[in-house]
Novice: 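Mind looking over this structure? Questions follow.
Throughout, numbering of the chain's residues begins at 1 and tracks the sequence. When a ligand or atom number is given, it counts from 1 through the structure's own listing order.
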Amino acid sequence: MTTILVTGSSRGIGAAIATALGTLADTTVLGHATHSGIAADLAQPDAAARLWAEALDRAGGVIDILVNNAGIFEPSPLEADDWSANWARTMQVNLTASAELCRLAVLHWQERGVGGRIVNIASRAAYRGDSPAHWHYAASKGGMVAMTKTIARGYAAQGILAFAVCPGFTMTGMADDYLASRGGDKLLADIPLGRVASPEEVAATVRFLCTDAPPSMTGAVLDINGASYVR
Ligand SMILES: NC(=O)c1ccc[n+]([C@@H]2O[C@H](COP(=O)([O-])OP(=O)(O)OC[C@H]3O[C@@H](n4cnc5c(N)ncnc54)[C@H](OP(=O)(O)O)[C@@H]3O)[C@@H](O)[C@H]2O)c1
């Protein structure tokens, strides 16, 4: 039996990931969100540790794969009085909580003397940057990519593999309204593929990384952005 913890699985990309992984044989998917699945608000400093402990408990003491997907994308214009607080909140949810879960996963696998896999959902913003209201978001995702590479290099010899996925604009939530609010046709004109990514495309990539991706791929960062940013 393989046990996979997926954070932020209540909706959007995380829900698609949980669905895709749920079709694997002999696999248990532990879902998480703020108020559903294993509930934990990752904006709270102690939440990642509590989530990991609860997940381990439900899994009978063994977790094989961690998918860090939970994240927030909240605008914070330079003029905002709470700019620093917004920075801290985005870093806490997107980067610090993910890092704490990665740390606990690595320690868990080292203690058991087994390998494991980590898949971190970063963003195109890690490489391309983001809007002036999203310094924090881009920085958190850039940090996630650097952390993933560090884990890959540090623990490959122990069979602990780490991958990052960088989606571009992905259609989650209120599709048409959301797209329109982001500039509609102009946004699509920037994507050579002519459309945004679907959560299922991201999920298929994550499923591959959790299962068939060869160990020599560890440290890889996979883009899913319709060639809107090619590096
Ligand atoms: N959609 C895109 O265009 C896009 C592009 C690049 C990267 N990404 C990344 O992909 C990931 C998923 O994005 P999405 O578009 O699917 O997001 P989404 O639809 O907004 O869903 C976010 C998920 O994260 C959870 N979450 C948010 N804040 C949380 C908190 N404080 N504590 C615990 N859980 C929390 C949410 O749980 P609740 O339901 O409980 O709030 C939800 O399950 C994120 O890391 C995002 O940065 C998305």
Novice: Is a side-chain donor-acceptor pair under 3.5 Å present for T23 with R207?
Specialist: yes
Novice: Which residue in the set V206, N68, N94 passes side-chain contact (heavy atoms from CB on, under 4.5 Å) when paired with I121?
Specialist: V206
Novice: Tell me the contacting part of H32 for ligand 1: side chain, backbone, both, or neither, using a 4.0 Å heavy-atom threshold, strictly below.
Specialist: side chain
Novice: Is it the case that the side chain of T7 and the backbone of H32 share a donor-acceptor pair, with hydrogens and angles ignored and the cut-off at 3.5 Å?
Specialist: no
Novice: Closest by any non-hydrogen atom to atom 40 (O) of ligand 1: pick that one out of V165, D41, N69, T34.
Specialist: T34
Novice: Among N68, T170, V93, which one has a heavy atom closest to atom 2 (C) of ligand 1?
Specialist: T170
Novice: Classify the angle between the aromatic ring planes of W87 and H136 as parallel (below 30°), tilted (30 to 60°) or perpendicular (above 60°).
Specialist: parallel
Novice: Going by the order shown, which atoms of ligand 1 are within less than 4.0 Å of some heavy atom of S9?
Specialist: 43 (O)
Novice: For G194 versus L188, what's the shortest heavy-atom pair and its separation?
Specialist: O-CD2, 4.1 Å
Novice: Is the shortest distance from a heavy atom of K141 to ligand 1 less than 4.0 Å?
Specialist: yes
Novice: Which part of M171 is near ligand 1, with near meaning a heavy atom under 4.0 Å away: side chain, backbone, both or neither?
Specialist: neither
Novice: Checking R124 against Y229: charged group under 6.0 Å from the ring centre and within 45 degrees of the axis?
Specialist: no
Novice: Counting heavy atoms not belonging to R112, are there more than 12 under 6.0 Å from its CZ?
Specialist: yes
Novice: For ligand 1, which atoms sit closer than 4.0 Å to a heavy atom of I72?
Specialist: 27 (C), 28 (N)
Novice: Counting N and O atoms only, with roles assigned by atom type, does the side chain of T218 sit under 3.5 Å from a partner on the main chain of A162, one being a donor and the other an acceptor?
Specialist: yes
Novice: Touching ligand 1 at all, A16? Heavy atoms, strictly under 4.0 Å?
Specialist: no
Novice: Please determine if A33 has a nitrogen or oxygen closer than 3.5 Å to a nitrogen or oxygen of ligand 1.
Specialist: no
Novice: Between Y137 and F73, how do the two ring planes meet: parallel, tilted or perpendicular, split at 30° and 60°?
Specialist: perpendicular
Novice: Would you mind telling me if ligand 1 is within reach of the side chain of Y137, the backbone, both or neither, using heavy atoms under 4.0 Å?
Specialist: side chain
Novice: What about L42: any of its N or O atoms under 3.5 Å from an N or O on ligand 1?
Specialist: yes
Novice: Could you tell me which atoms of ligand 1, counted from 1 in the order shown, lie closer than 4.0 angstrom to a heavy atom of A40?
Specialist: 32 (N), 33 (C)
Novice: Looking at every heavy atom in both L95 and S140, which two are closest together, and how far apart are they?
Specialist: CD1-O, 3.8 Å
Novice: Going by heavy-atom distance to atom 7 (C) of ligand 1, choose the closest among A122, G12, G71.
Specialist: A122
Novice: When you compare ligand 1 with F169, is there at least one nitrogen or oxygen pair between them that comes in under 3.5 angstrom?
Specialist: no
Novice: Which part of A15 is near ligand 1, with near meaning a heavy atom under 4.0 Å away: side chain, backbone, both or neither?
Specialist: neither
Novice: What atoms of ligand 1 come closer than 4.0 angstrom to any heavy atom of A43?
Specialist: 31 (N)
